[in-house]
Engineer: 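Sharing a structure with you now.
Side-chain atoms are counted along with the backbone in the values below, which use heavy atoms only and exclude waters and symmetry mates.
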Amino acid sequence: MKVGVIGLGYWGPNLIRNFLGNKEIKKVYGCDQNLSRLRFVETRFPGVVLTDKWEEFLNGFDLDIIAIATPVATHYPLAKQALENGKHIWVEKPFTSTSKEAEELINIAERKNLKIFVDHTFIYTGAVRKIKEIIDRGDLGDILYYDSVRVNLGLFQNDVNVIWDLAAHDISILNYVIKKEIKE
């Protein structure tokens, strides 16, 4: 599989590192308009093909999937272009700025038989997997209540509110560890 990462700021280099570490990935490409970010990635990952031109990235590298790690306001237009060009997409959360945009992207993906993956990194952590294991074994009995406390707010996002930026993680963890319909 050939993967392209657009957005080489905060998360992009981490995505590149992880894709390079996956034996199923044959080639990794990167795209960012900021030339200093391209130079930064080039020094750390010399085998990555880099460009600052989105159109070249989208159409010139025969990518199978495009990972989008750009500001939230750009997720929808970039994801839509990628899907319309036959690419699977992997998008940092929040997926889009509105549910209408998300529904449109889902419809495009279904029509074109493409996959969408929205990043919810915490479900892959050891702590969350252990919680799921304990719950799945029934050690805690019937789960009636879930509480989550945020102790690290991470990188401040100017283009999205705290609910869209952080609550998505808590909801993702909840849906992963407790396979029940939420009542309220």
Engineer: For the residue pair L105 and A79, what are the closest heavy atoms and their distance?
Structural biologist: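 That closest heavy-atom pairing would be CD1-CB, 3.7 Å.
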Engineer: When you group the ILVMFWY residues by side-chain heavy-atom contacts below 4.5 Å and let the links chain together, are I173 and L140 in the same group?
Structural biologist: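 Per the 4.5 Å side-chain linkage, L140 and I173 are co-clustered.
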Engineer: I want to check something: taking the side chain as every heavy atom from C-beta on, are V5 and I68 in contact at a cut-off of under 4.5 Å?
Structural biologist: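 Heavy-atom side-chain distance check fails, nothing below 4.5 Å.
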Engineer: Would you kindly confirm whether L35 and V41 end up in one hydrophobic cluster when ILVMFWY residues are joined by side chain heavy atoms under 4.5 Å apart?
Structural biologist: yes
Engineer: Restricting to non-hydrogen atoms, name the atom on L58 and the atom on A82 that form the minimum distance, rounded to 0.1 Å.
Structural biologist: CD1-CA, 3.7 Å
Engineer: Supply the atom-to-atom distance F45 CZ to L50 CG, rounded to the nearest 0.5 angstrom.
Structural biologist: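 The CZ atom of F45 sits 10.5 Å away from the CG atom of L50.
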Engineer: Quick one: CZ on R129 to CG on D136, what's the gap to the nearest 0.5 Å?
Structural biologist: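 If I round to the nearest 0.5 Å, the distance is 12.0 Å.
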Engineer: Identify, with sequence neighbours excluded, every residue that meets side-chain contact (heavy atoms from CB on, under 4.5 Å) alongside I131.
Structural biologist: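 Partners of I131 by the side-chain contact (heavy atoms from CB on, under 4.5 Å) criterion, ordered by chain and then number, come out as I135, V177.
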Engineer: Is there side-chain contact between E104 and K80, with heavy atoms separated by less than 4.5 Å?
Structural biologist: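 Heavy-atom side-chain distance check passes, below 4.5 Å.
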Engineer: Are the side chains of N34 and L8 in contact, using a 4.5 Å heavy-atom criterion?
Structural biologist: no
Engineer: Tell me whether N113 at atom CG has more than 12 heavy atoms from other residues, nucleotides or ligands lying less than 6.0 Å away.
Structural biologist: no
Engineer: Is a side-chain donor-acceptor pair under 3.5 Å present for W54 with Q81?
Structural biologist: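 Indeed, the side chains of Q81 and W54 share at least one donor-acceptor pair under 3.5 Å.
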Engineer: Ignoring hydrogens and geometry, is there a side-chain-to-backbone donor-acceptor pair from N85 to K87 under 3.5 Å?
Structural biologist: no
Engineer: Look up atom CZ in R37 and atom OH in Y10, then write down how far apart they are to the nearest 0.5 Å.
Structural biologist: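 Rounded to the nearest 0.5 Å, the CZ-OH separation comes to 11.5 Å.
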Engineer: V118 versus W90: any side-chain heavy-atom pair under 4.5 Å?
Structural biologist: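 They are not in side-chain contact.
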Engineer: Any heavy-atom pair between the side chains of H75 and E92 that's under 4.5 Å?
Structural biologist: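 Yes, their side chains come closer than 4.5 Å.
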Engineer: Once you round to the nearest 0.5 Å, how far does CD1 of I143 lie from CG of L174?
Structural biologist: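 Taking CD1 in I143 and CG in L174, the distance rounds to 10.5 Å.
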Engineer: According to a hydrophobic-cluster definition based on side-chain heavy atoms being under 4.5 Å apart (Ile, Leu, Val, Met, Phe, Trp, Tyr only), do L114 and F57 belong together?
Structural biologist: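 Shared cluster, yes.
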Engineer: Could you grab the distance from atom CD of E103 to atom OG1 of T98, nearest 0.5 Å is fine?
Structural biologist: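 Reported to 0.5 Å precision, the distance equals 8.5 Å.
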Engineer: To the nearest 0.5 Å, how far apart are NE2 in H88 and CD1 in I66?
Structural biologist: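 Between H88 NE2 and I66 CD1, I get 11.0 Å after rounding to 0.5 Å.
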Engineer: Quick check: closest heavy atoms across D170 and S148, and the distance to 0.1 Å?
Structural biologist: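 Smallest interatomic distance, heavy atoms only, reads OD1-OG, 2.6 Å.
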Engineer: More than 12 foreign heavy atoms under 6.0 Å from CD of E56: is that the case here?
Structural biologist: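 Yes - once you tally the heavy atoms of other residues, nucleotides and ligands closer than 6.0 Å, there are more than 12.
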Engineer: Do T70 and L78 have side chains that get closer than 4.5 Å, going by heavy atoms?
Structural biologist: yes
Engineer: Minimum heavy-atom separation for A69 and G12, please, with both atom names.
Structural biologist: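 The answer is CB-N, 4.2 Å.
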Engineer: Report yes if the side chains of L20 and V48 come closer than 4.5 Å at any heavy-atom pair, otherwise no.
Structural biologist: yes
Engineer: Can you name the residues that form a ring pair (Phe, Tyr, Trp, His ring centres under 6.0 Å) with Y76, not counting sequence neighbours?
Structural biologist: none
Engineer: Can a donor-acceptor pair be found, under 3.5 Å and without considering hydrogens, that links the side chain of K27 to the backbone of G47?
Structural biologist: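 Between the backbone of G47 and the side chain of K27 there is a qualifying donor-acceptor contact (under 3.5 Å).
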Engineer: Identify the heavy atoms of S97 and A73 that sit nearest to each other, and give their distance.
Structural biologist: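 Where S97 meets A73 most closely, the heavy atoms are OG-CA, 4.1 Å.
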Engineer: State plainly whether one hydrophobic cluster holds both Y176 and I178, where clusters connect Ile, Leu, Val, Met, Phe, Trp and Tyr through side-chain heavy atoms under 4.5 angstrom apart.
Structural biologist: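 Y176 clusters together with I178.
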Engineer: Any idea how Y29 and F61 line up, ring-wise: parallel (<30°), tilted (30 to 60°), or perpendicular (>60°)?
Structural biologist: parallel
Engineer: Should I89 and I65 count as side-chain neighbours, where that means a heavy-atom distance under 4.5 Å?
Structural biologist: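 SC-SC contact between I89 and I65 ruled out.
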Engineer: Grab the two heavy atoms, one from D32 and one from G9, that are nearest each other, plus how far apart they are.
Structural biologist: OD2-N, 3.9 Å
